[in-house]
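A short write-up of the structure that comes next.
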Protein chains: 2
Amino acid sequence: MIYKTVIVDDHPIVISGISGLLSDLENIKIVEKFGSGIALLDYIEDNTVDLILMDVFLPIINGVDLCKTIKQKHPKIVIIGMSSQSERSLVMQFIQNGGNGYILKNASFDEFKNCIYKAIAGEIVFSEEVKTIISQPLSEELERIPALSRRERDIALLLSQGKSTQEIADDLFLSFLTVQTHRRNILQKYKMKNVAELIAFLLKNNMLN
Amino acid sequence: MIYKTVIVDDHPIVISGISGLLSDLENIKIVEKFGSGIALLDYIEDNTVDLILMDVFLPIINGVDLCKTIKQKHPKIVIIGMSSQSERSLVMQFIQNGGNGYILKNASFDEFKNCIYKAIAGEIVFSEEVKTIISQPLSEELERIPALSRRERDIALLLSQGKSTQEIADDLFLSFLTVQTHRRNILQKYKMKNVAELIAFLLKNNMLN
DNA sequence: CTGCTTTTACCTGATATCAGGTAATAAAAA
DNA sequence: TTTTTATTACCTGATATCAGGTAAAAGCAG
């Protein structure tokens, strides 16, 4: 059997790279290439597709939603997600929405080939680095960073804009002393010595905005 | 003349894609491919290279620093940066460190080819989307950002780690009062109200590390 | 309904920051 | 060589932060 394969990626070079890679594989035939999910959704309505390799970060529709939409109507199509960087939660979300595998783009050619073969054989596949990402749920959850509450986030944001306690109190219609308490709570929560360290920490962890 | 070209990218598929693309170009010959900057630095010491296409987000050494290092010893090598997403400041930083161009990976094949040809002809080149990114200098960004001096950077870094003036003075073997002066100078230079705003500003503009 | 978290608020005191000034020496650029 | 910038250092005073404690009201979840 020959697997009719579609590639979806908004980077022409990546499409070209994968095409080259897959041309080695006997029973894989690339029937179409797309730069976004919309075109793909149209295509699969009128054409037979067995395998889809898709970038998860796509314009307009993201890969997770795209995967879900496709699987609802065409559960037999094997879908493998790809991205340059990733996080545990994103990979899990992709699989939970019906994805048959996830490959990081820094994977070697052999990894790519193995994953694709295993996926069409019915397995859920991950490239090596993805495996290490998802197999560290314990240590990550142990060092899980507590979240900022809504109010704390408001205050942290204003702090990052250089506002003083009094200015923040005025902005949020709070007492000076309330803001002071929030400040102290935030610093204690993350064990930070002062606002400078706190802001650096929050920005580096994308916890503002 | 044939241009000896090296590709640096930690994504095998991207390397493969660019290889395919460049194989069409008559006077471009790919002599080597690397997954990180370290291997490249070794290579150029012993071999002639005319053109380097590099991913800006690389493991261990980032593209900006890599470009700078290479250009210091080999100013004639044409270096083009690439990435999937980018910001104005990063592109500018890359060019300021000697880069001859910047291409977003979602560029079309034609864009890639044109940029490469123009770059080896001596131009500074940008792919279409990069042009739109850099041609929007917001009123804030219009005023070019003055650089931190070495000492100021040291102090700003320690501030971002939550150190107090006294601790910084001890760390750098300076007087408390000297550190205080530096702090004031930095705040004045960027017109910031306090360290929190300063750290946020510096981090957002990638001016620490 | 009953805990748990969040948000609000107050008091005090030690310490740090910020803003204003000045100025000598060294290094780099013009 | 002259000028500018960087780095070093000191003084003072007003204001802000940080750390300790306490506590009530509101909202949410078990």
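Owing to the predicted nature of the structure, the values given are computational and were not obtained by experimental measurement. A, B, ... follow the sequence lines: proteins, then strands. Residue 1 opens every chain.
Salt-bridge formation is not detected for the pair B:K4/B:E32: no Lys NZ or Arg NE/NH1/NH2 atom is positioned less than 4.0 Å from an Asp or Glu carboxylate oxygen. Checked for salt-bridge contact, B:K163 and A:E197 miss the test: no charged N lies under 4.0 Å from a carboxylate O. Look at A:D65 and A:K68 and you find no salt bridge, because none of the NZ, NE, NH1 or NH2 atoms lies under 4.0 Å from a carboxylate O. Under a 4.0 Å N-O distance rule, the pair B:K105/B:D9 qualifies as a salt bridge.
Surrounding CD of A:Q85 are at most 12 heavy atoms belonging to other residues, nucleotides or ligands under 6.0 Å away. Around the NZ atom of A:K193, the shell of radius 6.0 Å holds more than 12 heavy atoms that belong to other residues, nucleotides or ligands.
Aromatic rings of B:F126 and B:Y102 (six-membered ring for Trp) have centroids beyond the 6.0 Å cut-off, not under it.
Taken over five-pair windows at either terminus, the axes of the helix from C:dC1-D:dG30 to C:dA30-D:dT1 are inclined to one another by 70° (rounded to 10 degrees).
When only modelled atom types and interatomic distance are considered, A:E129 and A:N106 share a side-chain donor-acceptor pair under 3.5 Å. At a cut-off of 3.5 Å, with distance as the only test, a side-chain donor of B:N100 or B:K71 sits close to an acceptor on the other residue.
Results of the side-chain contact (heavy atoms from CB on, under 4.5 Å) test with A:I168 over A:L172, A:D170, A:T165 single out A:L172 as the only residue that passes.
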Generate the contact string for nucleotides 25-30 of chain D. Rules: B means base contact, S means sugar-phosphate contact only, - means no protein heavy atom under 4.0 Å. ------
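For residues 178-186 of chain B, proximity to DNA chain C is found at B:Q180, B:R183, B:R184, defined as any non-hydrogen atom under 4.0 angstrom from a strand atom. Across residues 151-176 of chain A, A:S164, A:T165 each have a non-hydrogen atom less than 4.0 Å from an atom of DNA chain D (numbered order).
Taking the 5' to 3' direction, DNA chain C first and last meets chain B under 4.0 angstrom from a heavy atom at C:dT17 to C:dT22.
The ring pair (Phe, Tyr, Trp, His ring centres under 6.0 Å) test applied to B:Y117 returns no partner, not counting sequence neighbours.
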